[in-house]
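Only this structure's heavy atoms are used, side chains among them; waters, hydrogens and symmetry mates stay out. Chain letters run A, B, ... following the sequence lines, proteins first, then strands; residues in each count from 1.
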Number of protein chains: 2
Amino acid sequence: MVRKPAKSNAKADAKAVSTRKPNMREAILAAAEELFSTYGFNAVSVRDIAQTAGANPGSVTYHFKTKDGLLLEIYRRHCGPMNRRRSELLAAARRVRDLQDRLEAIVRAYVLPAFTSGSDLAGGGTRFTRLRAIMSAEGNEVVRKIIAQTFDDTSHAFIDAIHESLPHIPRTDLVWRGHFLLGALYYTLVTPERVSRLSRGSADGTDAGHAIEELVRATVAALQAAPLDPATPPPRKAPGVTQGRALT
Amino acid sequence: MVRKPAKSNAKADAKAVSTRKPNMREAILAAAEELFSTYGFNAVSVRDIAQTAGANPGSVTYHFKTKDGLLLEIYRRHCGPMNRRRSELLAAARRVRDLQDRLEAIVRAYVLPAFTSGSDLAGGGTRFTRLRAIMSAEGNEVVRKIIAQTFDDTSHAFIDAIHESLPHIPRTDLVWRGHFLLGALYYTLVTPERVSRLSRGSADGTDAGHAIEELVRATVAALQAAPLDPATPPPRKAPGVTQGRALT
DNA sequence: ACCATATTTGTACTATCGTCCAAATATTCA
DNA sequence: TGAATATTTGGACGATAGTACAAATATGGT
């Protein structure tokens with residue numbers, strides 16, 4: 001990461017009235033989250049994080065041992081609340097009677113928590129999702145592990161719910177389309193010049209709201225598209241609800 | 001990037017019969033392309049590239065001056081052929097009579113060159129698109145510049161063509177959906193465990209082909225979805241053209 | 001107030017980074 | 001061939017990376 005030209009006043013700002021951070025650990029986490037999600041993991045140094053947090057580089061090592069440990073802690077912070085919120089919204093969506101409305105509610109249940117996290121300050125969900133997007137491109141081992149053990153269950157639950165709403169579409173196609181949804185969501189968040197005030201500032205700003213609506217609309221349509229499989233003619237009526245979930 | 005544990009035979013492989021690379025510059029480019037597209041720009045060092053290419057780190061500086069210069073040259077290599085191929089396919093797609101078929105042909109014209117580049121060796125297109133995906137997440141200044149001056153025109157041409165096939169949908173929505181397409185495409189390429197043999201090996205393997213078909217099917221459906229704007233009842237004619245940066 | 005503990009600081013270590021450069025070597029062309 | 005040029009080599013530079021550690025300082029319970 002590019003640091004500013006130093007500019008040490010060296011004399012004037014020496015004492016600085018001993019304003020100690022009430023919780024430096026939190027400040028470091030916040031700074032790391034912001035910097036990682038903006039510049040990527042590799043481009044940000046521990047010293048960058050410490051400086052942004054107003055801390056000493058040694059403090060970062062003290063609290064999180066390694067740079068990877070810091071990243072891991074950020075994930076730990078967000079994965080729980082985000083998945084909990086997703087489960088809640090998914091459960092509510094499943095109770096929607098109209099099939100079309102239910103499908104849309106399911107997609108919304110998946111997308112919404114990515115923008116508005118239940119935890120900490122405004123824009124937390126967006127920032128964390130942007131981080132996940134960047135990490136999925138950079139490919140970090142720590143992240144791969146925690147993602148596998150945290151998001152896989154939730155993802156399968158969503159695929160299952162979607163499959164119930166669209167029983168005539170093979171699961172394979174739905175998995176692909178869910179994959180595309182995630183890619184579209186990620187790319188929307190890592191392209192700040194497109195969705196300008198979406199990333200910073202209040203998480204329920206109109207820009208983020210519009211992006212969500214566009215994404216939901218497009219995804220629902222994509223999910224409903226006829227499957228590729230040439231052997232399966234179109235709708236028919238829903239046969240039996242396929243109870244057994246393949247792919248745990 | 002993590003380098004392997006050295007393991008210097010130090011004695012056995014000393015002379016190595018003076019096999020000089022016929023074109024070291026090309027070897028460096030190929031190595032850089034492969035490494036950047038796999039680990040990201042920041043995670044790969046000039047020494048990594050030199051070692052993979054069987055060159056001296058100084059040679060990289062000699063040929064490309066800086067690491068950024070090397071990245072720039074990779075983009076220069078691919079942008080031309082890829083956009084030329086896109087234009088050809090787009091022109092052919094525009095001549096399709098049936099509106100539904102035409103829309104699908106347009107989407108295919110956008111997606112196909114991302115997988116199979118006209119230039120160099122097998123998988124070149126896939127590799128370069130994977131690189132673009134990673135760079136869009138990492139955010140490099142050099143890339144931003146060349147992307148702006150290379151892809152904007154092509155992207156607008158595609159949006160225009162799509163808009164002709166779907167005149168009742170506001171351009172804004174089409175821009176969003178094209179944006180989602182690119183995100184889905186990128187994410188498909190940077191997630192190798194999902195589309196396993198897609199990235200390496202032959203570029204027209206069945207896996208890549210299947211991914212393309214899934215992506216095209218989903219995108220066409222998404223593009224055809226009803227627009228968001230509540231003020232615009234279904235068909236009608238397209239109002240003014242809202243120019244926006246599309247599909248970098 | 002005192003002590004035990006938690007945290008912060010400053011500094012130092014080693015490794016690797018991008019880039020530079022002079023010498024060595026290969027290539028090209030008269 | 002010999003001279004001019006192009007390329008490669010190996011080593012070096014300063015900057016910065018992640019991490020470690022002892023000393024300094026703040027905090028909390030008694």
Side-chain angles (χ1 to χ4, degrees), chain A residues 1-8 10 13-32 35-36 39-74 138 140-142, chain B residues 1-6 8 10 13-29 31-32 35-36 39-74 138 140-142:
Chain A
M1 180 197 172
V2 183
R3 236 198 303 271
K4 279 168 287 182
K7 182 183 178 284
S8 63
D13 59 351
K15 255 189 321 183
V17 288
S18 104
T19 38
R20 241 178 55 78
K21 282 278 170 53
N23 196 343
M24 185 58 90
R25 194 186 134 96
E26 294 300 320
I28 292 171
L29 275 171
L35 292 177
F36 285 160
Y39 302 101
F41 182 74
N42 293 322
V44 173
S45 72
V46 173
R47 285 170 174 83
D48 290 330
I49 296 164
Q51 177 175 299
T52 302
N56 188 286
S59 265
V60 178
T61 304
Y62 171 74
H63 285 290
F64 305 99
K65 200 62 187 170
T66 67
K67 195 184 171 190
D68 275 337
L70 176 51
L71 181 66
L72 183 63
E73 185 55 30
I74 292 174
E138 285 194 337
N140 179 282
E141 195 47 45
V142 172
Chain B
M1 178 197 173
V2 183
R3 236 197 304 269
K4 278 166 287 180
S8 63
D13 58 352
K15 255 187 322 184
V17 288
S18 107
T19 37
R20 242 179 54 79
K21 281 277 170 54
N23 196 343
M24 186 59 90
R25 195 186 134 96
E26 294 299 322
I28 292 171
L29 275 171
L35 292 177
F36 284 160
Y39 302 101
F41 181 75
N42 293 322
V44 172
S45 71
V46 173
R47 285 170 175 83
D48 290 330
I49 296 165
Q51 178 175 296
T52 302
N56 188 285
S59 266
V60 178
T61 305
Y62 171 74
H63 284 290
F64 306 99
K65 201 61 188 171
T66 67
K67 195 183 171 189
D68 275 338
L70 176 51
L71 181 66
L72 182 63
E73 185 54 31
I74 292 175
E138 285 194 337
N140 179 284
E141 195 48 46
V142 172

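Whole-Å rounding puts the B:Phe41 CZ to C:dC17 C1' distance at 12 Å. Regarding B:Lys65, its NZ atom lies at a distance of 16 Å from the P atom of C:dG18, rounded to whole Å. Atom CG of B:Asn42 is separated from atom P of D:dA17 by 12 Å (rounded to the nearest Å). As a whole-Å value, the separation of B:Lys67 NZ from C:dG18 C1' is 8 Å.
Nearest nucleotide to the side chain of B:Val46, out of D:dT19, D:dA6, C:dT19: C:dT19. Nearest to the side chain of A:Thr61, among D:dT19, C:dT19, D:dT7, sits D:dT19.
Checked against side-chain contact (heavy atoms from CB on, under 4.5 Å), A:Asn56 has no partners two or more places apart in sequence or in another chain. With sequence neighbours excluded, the residues satisfying side-chain contact (heavy atoms from CB on, under 4.5 Å) with A:Leu72 are A:Arg76, A:Val142, A:Ile146. Shown here are the salt bridge (Lys or Arg N to Asp or Glu O under 4.0 Å) partners of A:Glu138, two or more places apart in sequence or in another chain: there are none. Residues that satisfy the side-chain contact (heavy atoms from CB on, under 4.5 Å) test with B:Leu35, not counting sequence neighbours, are B:Met1, B:Tyr39, B:Val44, B:Asp48, B:Ile49, B:Thr52.
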Pairwise N/O distances under 3.5 Å, protein to nucleotides 11-14 of chain D:
{"residue": "D:dA12", "atom": "N6", "partner": "B:Arg47", "partner atom": "NH2", "Å": "3.3"}

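When the side-chain nitrogen and oxygen atoms of B:Ser45 are compared with OP1 and OP2 of C:dC17, one or more of them lie within a distance under 4.0 Å.
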Whenever both distances are under 3.5 Å in a Watson-Crick or G-U wobble pair, mark it; put DNA chain D into dot-bracket that way, with [ ] for crossing pairs and | when the partner is on another strand. .|||||||||||||||.|||||||||||||
